[in-house]
Structures are given as structure tokens and as C-alpha cells.
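The analysis underlying the following values was restricted to heavy atoms, covering all of them including side chains, and did not include hydrogens, waters or symmetry mates. Please read these numbers as outputs of a predicted model, since none were measured by experiment.
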Amino acid sequence: MSGQHSDLLKTMTIEQKVDLIHGQGLWRTTGFEQLGIKDIAMTDGTYGVRYNRAQVEQGADWCISDFLNVVSQQADGLNGTESYFGLSEPATCFPNGSSVACSWDVELMYQMGQALASECRHYGIDLLLGPGINIRRTPLSGRGYEYYSEDPVVSGELAAGLINGMQDNGVGASLKHFAANNSEFKRTEMDSLIEERALQEIYLSGFKRAIEKSNPWTVMSSYNRLNGVQTSQHQWLLSSVLRDSWGYDGLVISDWYGVKDRPASLLAGNDLAMPESRRDKRALYQAISEQIVTEADLDNACERVLTLVEKAVTGREKTHNVDFASHHALAQHIASESIVLLKNDQSLLPLRVEKHKRILVMGEAAQTPVIQGSGCATTRPYYLDVPLDEIVELAGDDFEVSYISGSDSAESFAKAVEAAKTADIVLLFASTEVGKDGENGDRSHLDIIEQHQALIEAVAKVQPELVVVLSNSDSVVMPWLANVKAVVETFFSGQGMGRAVANVLFGYTNPSGKLTVTVPHCLEETPAYLSYPGENGQHVYSEGLFVGYRYYQKRNMTPLFPFGFGLSYTHFEMSKVTVTSLGDSKQNSLPLDSTQHSRAQQNQLQQDESLTVSVDVKNTGACFGKEVVQLYLSFPESEYARERKSLKAFAKVALEPGETKTVTLTLNWADFCYFNPQAKQWLATPGEHTIFVGSSSEDTPLFCVVDVVPVPYYPQLRVDSTLVDLLKNPIATERVVAMISEASRLSSTEAQSKLEQIAEDMFCGMAIAFNEMLGLDISESELQQVLENSSH
């Protein structure tokens, strides 16, 4: 074999190689001191370091209950020491995926990655098992709180930022769960059935983007089946796509007990099986003895494990003086940047002493904040901000702050409603039920806690100045929305949530978070509703490409809140869209609206060229703020279904009052392509593509047109294809005309004319048309031979 470790591998026995590609205990790889091969340590999670010293250091002395305790961790009892959760070492609990993604800030993700790496090094961890970027196909998904978005561009860009921050500082990442792990319902049994276009364009493309921009040390295969094959042993997924098509050269690691057939997983490209498993090793030895698995197959996987170990050992040389206090401040900052202001009627917020002297705070979550989901990612916070305490601190002597839970008893409920009548403003903290958002089980509904909803409704009847602060894993329904003036969405914002919320409420932070999912009016209008969670062991992705905002736009439906939406305390204005082709440096300043549009001004984009799109953004309000510039692309009609608009690029920009900045975004040729299932390749549709720029998927007032000119591709024709399809393909037409001319007394010109005359009315296939209608003697095999290889 070839490889940088070939000499070392020649000295290793089969038994050593088998051990090397399996875990040692629950959280380590296998080391061989006599061979100079060190072991490395790994642990969860996606937004914090969940480090259990006993588990990581116990080696072979472990049992299955250790693993089950990890999976079943609950997010309550954060400061407890008696629960299993309390056995984890304290670490910074950063905002969860559903929260931090709302920052739309790649640089902020990088800083979070740096901090995670520092804490990993502090605890001796070499590989952190995250981030998770599975598409949030439905808000019912139990682990939706770990994942970033319903859109692959947002997911891939933010994941790359986090991974680069970690790996630049010596700690590896594990991009997961590959792939189509979009549900916790029977998660190790279900088969995700996805047609190839949706799979390529939605469910795989976020992984592709993250890998291209960050090259994670490892990719983790998922628990589910994908189109009939277990992902951990999916040759097409792990080898044809991941390695051959994308060029990934890192290590593929299994999810814990995700391997069902170890020989098959090894041959498919799943290098490292975790955790330690006697069953897996026995199966592999048997396959080796039967020559199903060769030593060369073992060496390929061992090579990648050894490369991973080398990276980890080199990473240990990085300095790692951890500063939990500064990380807490970073967690507060990230949470502040991620909070989404969903409603703010009559500019109720921020709080002003002349209007809101008497503040009444309600809800258990104000004192016991709901900051994260449950499961293997759950992190014991090093510090914990309590929202009520933070509000009192920022209020100082200027405001009068009082608190009543209102939802822990009937008496408290009545007192809260009565007290609301005399308050100047009510800040009501509401949440989803703790433990219902997590691993190994999906949510059953989109409601907040019943008592919280009842309290909102009762208080709204007596107090118009009502602010609802939400903590939830994913979208919730809001039947009470019309009766409240302001809604602050935090999702699960981590240990700094309390100070972040207080900063937003008092205006020390101008909210700039934007939704990365679409919020529905009700569960029944969500794209996957009719086919989720599935039956007969199958998740049928019946909505295809039309996930999230793509679905709502295609059906002309207005959601409760659209993808990309978020309010600010200031106002922004976008203008002057400028497009520059990087192929020939031509530049056009394009119009702001359709009334000014001139087709003569459009750009022409040739294959493999790129575009830059620039837009001016001005802060027209009275305070500092940040806006997210979002670029969407729409496509010309073709025989393949396309979304109305698809996000292709974004950038976050900070502006002082009155300040204007020019934001420049890049569109690559791949952004104009769709996956053609017949050609098995990415193709662009010729014609006019419209670039939209704005502040959400539903607010894109600026646009310009680009004429895309790809290298022609024609679908492969068959003997039963119609004459209309034939005439669309000049290569095939020329060949068929020559055949007809040879089989008849018609010249090539006459034969071509004859085909054009009868094509529209000739609905039957070519073979029937030529033999029955034109009276020619042409065999189907002869015709098929002429049609072969006529796609280009």
C-alpha cells in the first residue's frame, strides 16, 4: 500500500490493526505505546464540552449504563450534584445550534470554535463531536435545537466558521450526522427515503459546503438508513460522494453503536467504529478469514486513524490557558447577537424609564432559565445568568422591578394577573417543556407549556404592555401573538442567556438575530406534515426540494414569520445593486425595482464564471445596529421543478446611525446549478436568472437579471422519446436525419422538414413514428445505437 504510514503498518499485526480502527472504552481510540501510537480522547458536544472525567479516563473499565446515561441526560437540574448530569465537569454552555445560527455571523462562530478548542485542551480532549448540521426539516425533530437551519447555505457557512475556529487551535471537529438524520423517531431503525435531487441539493449540500471551507478532521456517519442502506455502510454516500466526488480525505467515524455490519461499514469507507465493541471485532475477524475484507482494506482505514492521531498530537502543542470568565462573556455576546426580535408594536422595546418605571417579571423561566436541550450534547454550565437577576441589575435604581412566577400554582396565577393591572409593563418568560426537546424522541406538538400560554392569555386581557420572552428548541405556535405587543425569541441561548435578554430589553444590545427557519401558524401547514414521522420503518421525504421557506413560497403561503426575518431598534435601507462578472470584468449598475428595469443592462454569465454582487446598506435610524444582507436566486422555467427563490449568500454588517457601507457577495457557477438526476451531474438552466437582495426571504426589494449561458446538455434520448424531444437535441437530430435519409429517398433537408412538420402531433415514440407513420424499416436497436452518447 502507499501512504505516509506504510512502514509503520508493515510492522503491525492484523489484531493490532483491528484494534486501531475501533474505540478503546467509550471515548478513546486505541493506542500502542510500543509502536509509538498514542490514543486520543473525544467527547460530545455541539455547543459545549460535555466532559465526564471518569468515563473518558476509565479506559476498558466501562459498561453500557455509562453510554445510556449520556443519551438520557436532561437539561434541568443544571446546578445539581446528585444527578448524572452533575458528574460532568463544568464548561461553557454556548447558545445551541438553533440559537447561534440566528446570528448569521461566521466570524462569531469562529470565536466560539476558538473557545471550545481552549476548553477541550483544558480537559485533554482532542476531538469534539460536532457541529451537527442536519437540515431542520420539521420543527418536531427532537434534536432540532442542535442543528442550524432549514437551509444548507446557512448551515454549511456557519459550521465551517466553527470548525475552523476549533481546528486552527489544535482540536478536531466531527461534522455530523452524515446524512439525512432529520428525526429522532426510531432513529436507528428508520429509512430516510429521499429522491436524488432533494438529497443532493438540500440534505448533502450543507455538508459539502462545510467540508470545502473547513476540511473537518472527521465526519460522523448517522444512525438512520438512507434509501435502503445503513449510512455507516453506505458505499455511495461515504465513498462515491464524500471521497470521490467531494475529495474529502479525512476520517469517517461512526455514531456510537451506529455500525450494524462492521465488515460492510469498513468496505464502504467508515474507518473508525465507536465505541469499543467485541461484536464488531468478531465480525471483522470473520470477514478477514473469509477474505471478504483484505489487509489492504484494513490499512486504508488505519492510515486515516493514524493521520487523525498525528493531527491531535500536534494540536496538543497549542497553548490552552482557558479563561472561563472571558468565555462566559463571549457566550453572553453570542446570545445577544442571536436573539430575534419577532414583534415590537409601537416600538414598545427597549424599556424606557419614562414609560416603564414599574416592571413586572413573570414566568418560572425568569428564575430557572431554559438554556439548552436534553441528550448527549447537554453541557454543565460553568456560570449561569439568571434573567431576573440580570434585569434587576440593569434596572438599577431607575426602575422598580417585581417578580411573580404566575405559573407554579393557581394562587400564583391569580396574583400575577392582578399585579399585571398596575404594572407599566410585563415581561413574561415562557418556554417549551424541558426534556421534550432532545435525543431519542421527537416533540409531539409545537405548543409552549400549557400554563405559560394560559398566563399570556390572561395577562394580555388586563395589560396591553406585554412582552413575551421565549425559550424553545425550534418553532412554536403562537395563538396569543395578536394580543401581545412584543416577542423576544431566544431559542436555547446557553448560560449567558439571562444577561443577553436583559441587554436587549434595556437597549444595551440592538437585536440583530434573524430566523434560520420558517415559523408556521400551525403544525398542519409545515411541509413534512402529511408524511412525518413515517410508517413501516420509512421516512418518506414527500416534499422533495421544498423544505422550509421553499415550500411556503412555492405554494404562495404566508407563514407566521418568514425565514431570515428579524426586527431591529433601528432601520436600514438597501440600494444600488451592482453586479460584476469575474469572467471578463464587465460591470453594470442595475436598477432597484421592476419599474426601472432594463433588459439591456443585464449581465451574461458563461459557464464556470463567477459574479460579485454589491449593495449599499445605510442605517437610517437613530442607533447603532447590524443588518443581515441576504441574497436569493430564482431560476428560469424548465422541465425540472425549481424553488421560487433560494438563498445563495449572506453577510452581516454593522452600521452607526447615518452610516452607509457597501456589502459585496460572491456567486459561483455552482450557485446557478441544479442536480440533474438523469445526467447525474450539476447543470445550469440556460436563460434569465434573477438575483434578489433584501433582509429576509419575503423582503427582497432589490433585484437584477443575469443571463446564464451554460455548455449545452441534452437529456439522453430513447427509442420511445418523442420527436419534440428529438428536435431539442441538435446532435441527435443530425444523426437521426442522416439515418432517415439513408432509409428513404428523402434528402437530409427534406427529412428534417418532415420531422418538424409532424413532431407536434406525433405523441408516440420515435420507433413507432418512423416505422408506422413514415413507413421506414428502422430497427429499434439500430435507432438506439444512433441515439447513444448524444447528450453533449
Side-chain angles (χ1 to χ4, degrees), residues 47-48 74-78 93-103 136 139 142-147 331-332 334-343 361-375 377-379 381 384-391 403 405-408 426-438 443 445-453 455-456 466-478 480-481 484 486-505 509 511 513 515-517 519 561 566:
Y47 55 85
Q74 296 294 303
D76 52 0
L78 298 178
C93 179
F94 287 99
N96 298 186
S98 62
S99 173
V100 68
C102 295
S103 72
R136 285 157 70 186
R143 287 180 86 172
Y145 76 91
E146 289 189 58
Y147 305 146
Q332 292 172 327
I334 295 174
S336 297
E337 294 283 316
S338 304
I339 286 173
V340 184
L341 183 61
L342 291 178
K343 185 175 182 180
V361 181
M362 293 184 188
E364 298 158 304
Q367 280 199 316
T368 308
V370 179
I371 66 168
Q372 62 180 326
S374 299
T378 306
T379 304
L384 181 63
D385 290 345
V386 175
L388 178 60
D389 294 345
E390 303 298 327
I391 290 169
Y403 170 76
S405 169
S407 56
D408 55 1
V426 172
L427 309 177
L428 199 161
F429 286 73
S431 70
T432 49
E433 189 175 351
V434 176
K436 300 301 182 182
D437 307 287
R443 301 165 69 189
H445 55 75
L446 302 185
D447 299 317
I448 60 174
I449 293 174
E450 185 177 357
Q451 297 95 318
H452 294 183
Q453 179 164 321
L455 186 61
I456 292 172
L466 174 57
V467 179
V468 174
V469 180
L470 291 172
S471 297
N472 42 287
S473 65
D474 208 316
S475 298
V476 294
V477 293
M478 306 179 197
W480 37 263
L481 181 64
V484 306
V487 178
V488 177
E489 173 64 88
T490 72
F491 291 107
F492 288 159
S493 284
Q495 68 182 48
M497 172 265 198
R499 173 52 67 119
V501 168
N503 282 339
V504 167
L505 293 174
T509 297
L515 293 172
T516 61
V517 291
V519 178
F561 294 105

Is any side-chain heavy atom of [Y] closer than 4.5 Å to one of [X]?
| X | Y | result |
| --- | --- | --- |
| Ile339 | Thr509 | no |
| Tyr147 | Val517 | no |
| Val487 | Trp480 | yes |
| Asp474 | Arg443 | yes |
| Gln367 | Ser405 | no |

Measuring from atom OG of Ser473 to atom CD of Glu146, what distance do you get when rounded to the nearest 0.5 angstrom?
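Rounded to the nearest 0.5 Å, the OG-CD separation comes out at 10.5 Å.
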
Do any N or O atoms from the side chain of [X] and from the backbone of [Y] form a donor-acceptor pair under 3.5 angstrom?
| X | Y | result |
| --- | --- | --- |
| Ser493 | Phe491 | no |
| Arg499 | Asp385 | no |
| Tyr403 | Gly363 | yes |
| Gln495 | Cys93 | yes |
| Glu364 | Asp408 | no |

Consider only side-chain N and O atoms of Glu489 and Asn472, and report whether a donor and an acceptor are under 3.5 Å apart.
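Present: a donor and an acceptor within the cut-off.
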
side-chain contact (heavy atoms from CB on, under 4.5 Å) between Val501 and Leu427, worked out
CA-CA 11 Å; Val501 168; Leu427 309 177; over 6 Å; no

